[in-house]
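Scope of the values below: all heavy atoms of this structure, side chains included, with no hydrogens, waters or symmetry mates. These numbers come from a predicted model, not from an experiment. Just so it is clear: chains get the letters A, B, ... in the order the sequence lines come, proteins before strands, and each one is counted from 1.
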There are 2 protein chains.
Amino acid sequence: MKRVTIKDLSKYLALSTSTISRAFVDDKHIHPETKRIVLEGAQKLGYRPNPMALSLKYGKSKNIGFVVPEMTTPFSSTVLRGVQNVLYPLGYRVIIMQSDENPEIERKNLLLLEEFNVDGIIINLCHETFNQATYQQVMEKGIPMVFFDRIPPRTLDVSKVLVNDNIKASLMVEHLISIGRKRIVHLKGPSSIRNAEERASGYRRILTKHQLFDPQLLVEPQGMLFQHGRDAAKELIEKNIAFDSIFAFTDTLAIGAMNYLLEQGYRIPEQIAIASFSGTEMATIVHPPLSNVQQPLVEMGETAATLVMEKINNAVAPCQSVTLDAKLIYRSSTLGNPV
Amino acid sequence: MKRVTIKDLSKYLALSTSTISRAFVDDKHIHPETKRIVLEGAQKLGYRPNPMALSLKYGKSKNIGFVVPEMTTPFSSTVLRGVQNVLYPLGYRVIIMQSDENPEIERKNLLLLEEFNVDGIIINLCHETFNQATYQQVMEKGIPMVFFDRIPPRTLDVSKVLVNDNIKASLMVEHLISIGRKRIVHLKGPSSIRNAEERASGYRRILTKHQLFDPQLLVEPQGMLFQHGRDAAKELIEKNIAFDSIFAFTDTLAIGAMNYLLEQGYRIPEQIAIASFSGTEMATIVHPPLSNVQQPLVEMGETAATLVMEKINNAVAPCQSVTLDAKLIYRSSTLGNPV
DNA sequence: CAAAGTTAAGGGAACGATCCCAAAGTAACT
DNA sequence: AGTTACTTTGGGATCGTTCCCTTAACTTTG
């Protein structure tokens, strides 16, 4: 019950605490035989080092904060997997905070993490334009931050992990054109999110290039939930705006829209093809499965974790920006036949 | 940059550290005026107590482990929400571990959490029959555990949060019968999970009662993923076993099966009605949306967190078993018209 | 007015580990 | 034999807080 400490071991083996400690930290100033004895004794008494003592001594909690807009879609949880892959073996713990797409909650989460004494923060913003002062403030307190997916404006010099949004969005739109679609709707994300602008800009560029652009087709839903995708589709139909395909900012918006259309009896993809940008498992559990731009989510998490560790191990390490490559996956929602 | 400690404050105000401390812990042995001065000084210097010092002193890390089979479906993340609701305001951190439905990983996760010095563990087992010795061992080290959803066999006296699986499964099957279905398939969960048996038993009881039971209709998929639900549906079709409805152990299995049937051109619910047991958001994002037994997930998390806190605050508190009430939600997958 | 009680504040040990510094022992070389 | 160098071990400060134990000043009471 009672914790076995280095002192108990010291008494038991008639050795100083210094010597015991040396056996565990691979210090060279210890006789191999002594080390063996110590390790054996530790085994016997069931000694396990107390991480809290080190936390206090070195001012490191070995906690990393992971802040995301939500955890109900598989996006964040897949990235989390990558983060854990890297951090758990290093003895770091990961603490998750959900911001509910609400900048105010996001801000509170950051302050709470600071309170919790995390050594670093990996974050996917809810809206990029709101909490810049807070990010700055947190970093000034010596807590390194790494941003992924949604990153703050360039004015902030920070480490970040992103994908080539603009290009891949373009390619997906090209794909829709290649299967003969001419009235391509874009369900855009909020303007306060850079990726939303990037993807929309890719969309716009390609449509303009093919002389297919029509401002009526560029719609911005009220939010990022299924319901918002649904409402957007409904509005298009009710306004009698003709369209033969949809390219959505995220799987969530795409699925919301698709469900409305299916309910209304539209055939997907024959009448309306649907594609999105995300790469979550959700794209494969709906029927028909969604074509989308699949981001390397696990790798994003691993990269973000690696970047934050670099910052932790070297406070003056320069900020890095890593761009990962997203893949286009074609599924039934834009093709005639099931995969 | 440098942390402001109680000592800095002590020097700055020419007061002993004891007095400073007293101002923060609401000790009565301090003059109100002195207290005011201290709090003011703390504000000015930006003093914030260091939780790590307390962790060391009291041997409490203020970390709680949250172990789940997976985080990609919204089940666990919704429960997590409830857990966080309770624990974050109390200054407790939540550390998440994913077991991937693999008892070996689950075991490693538990040992890792022990290493991480958590004060308590909230867990949803992957399979109930494998790691009992480990659970016992962890609890003997003084780390309280609370189980939810999938709980260990009765031989282990532990705190747990569950729902009335058997009854609600029965009611859902009754519902299928009430809409005229006679050939009701059950996609059962693995026998190593008690809930699976409970729900299957409810199913069996009702079918038997109505003299509709046919062992051919009780199938156990190879696993718990979408793919497994899909494969199970495929096998039924290929074996030419007639059925007009499915009641699945989880949303995941139900959706997997439904997608296969939709691909094959079956009409849901006209030809085959589908219902499940879970209560995740997934049931509402597929088309048609699924009827299911909706568990109060957030409340489950809150209850589990409350139970674990009771155990932490009082090591000899008796184990409690809380049964929450699940609700039946009828959606288009068992009714003719969309909701 | 002295003894006892009350109130406010200070001193210092404790939590568990690491690591700097010192000390003792041994080996090697002039 | 004496100096130097190296190896191995021990002592004790340190991290930031709380809390037990004193101490000092002031108040009450017979």
Do side-chain atoms of [X] reach the backbone of [Y] as a donor and acceptor pair under 3.5 angstrom?
{"X": "B/Asp119", "Y": "B/Ile64", "result": "no"}
{"X": "B/Arg3", "Y": "B/Arg48", "result": "yes"}
{"X": "A/Gln98", "Y": "A/Glu70", "result": "no"}
{"X": "B/Ser77", "Y": "A/Met71", "result": "yes"}

Exercise. Should the pair A/Glu40-A/Lys44 be classified as a salt bridge under the 4.0 Å nitrogen-to-oxygen rule?
Worked result: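 So A/Glu40 does not pair with A/Lys44 through a salt bridge.
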
For this session: First locate atom CG of A/Asn85, then atom CD of A/Glu302, and finally report the distance between them rounded to the nearest 0.5 Å.
Result: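 Between atom CG of A/Asn85 and atom CD of A/Glu302 there are 5.0 Å.
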
Exercise. Where the side chain of B/Lys57 is defined as all heavy atoms beyond and including C-beta, which of C/dC15, C/dG11, C/dT18 is the nearest nucleotide?
Worked result: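 Of the options given, the side chain of B/Lys57 lies nearest C/dC15.
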
Exercise. Please walk me through it: do A/Val94 and B/Ile96 pass side-chain contact (heavy atoms from CB on, under 4.5 Å)?
Worked result: CA-CA 7 Å; A/Val94 179; B/Ile96 291 159; over 6 Å; no

Exercise. So which one's nearest nucleotide on DNA chain D is more toward 5', B/Ser18 or A/Thr17?
Worked result: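 That would be A/Thr17.
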
For this session: Flag the pair A/Tyr47 / A/Tyr12 as yes when their ring centroid distance falls below 6.0 Å, and as no otherwise.
Result: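 No, they do not, as the ring centres are separated by 6.0 Å or more.
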
When all nucleic acid strands are considered with a 4.0 Å heavy-atom cut-off, which category describes [X]: base, sugar-phosphate, or nothing?
{"X": "B/Thr5", "answer": "sugar-phosphate"}
{"X": "A/Thr34", "answer": "sugar-phosphate"}
{"X": "A/Pro51", "answer": "nothing"}

Exercise. Reading DNA chain D 5' to 3', which nucleotide is the first, and which the last, to come under 4.0 Å of any heavy atom in chain A?
Worked result: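 The footprint of chain A covers D/dT8 to D/dG16.
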
Exercise. Near DNA chain D, which residues from residues 20-30 of chain B have a heavy atom under 4.0 Å away?
Worked result: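 Here the set is B/Ser21, B/Val25.
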
For this session: Quickly work out the A/Asp8 CG to C/dC15 C1' distance and round it to whole Å.
Result: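 These atoms are roughly 13 Å apart.
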
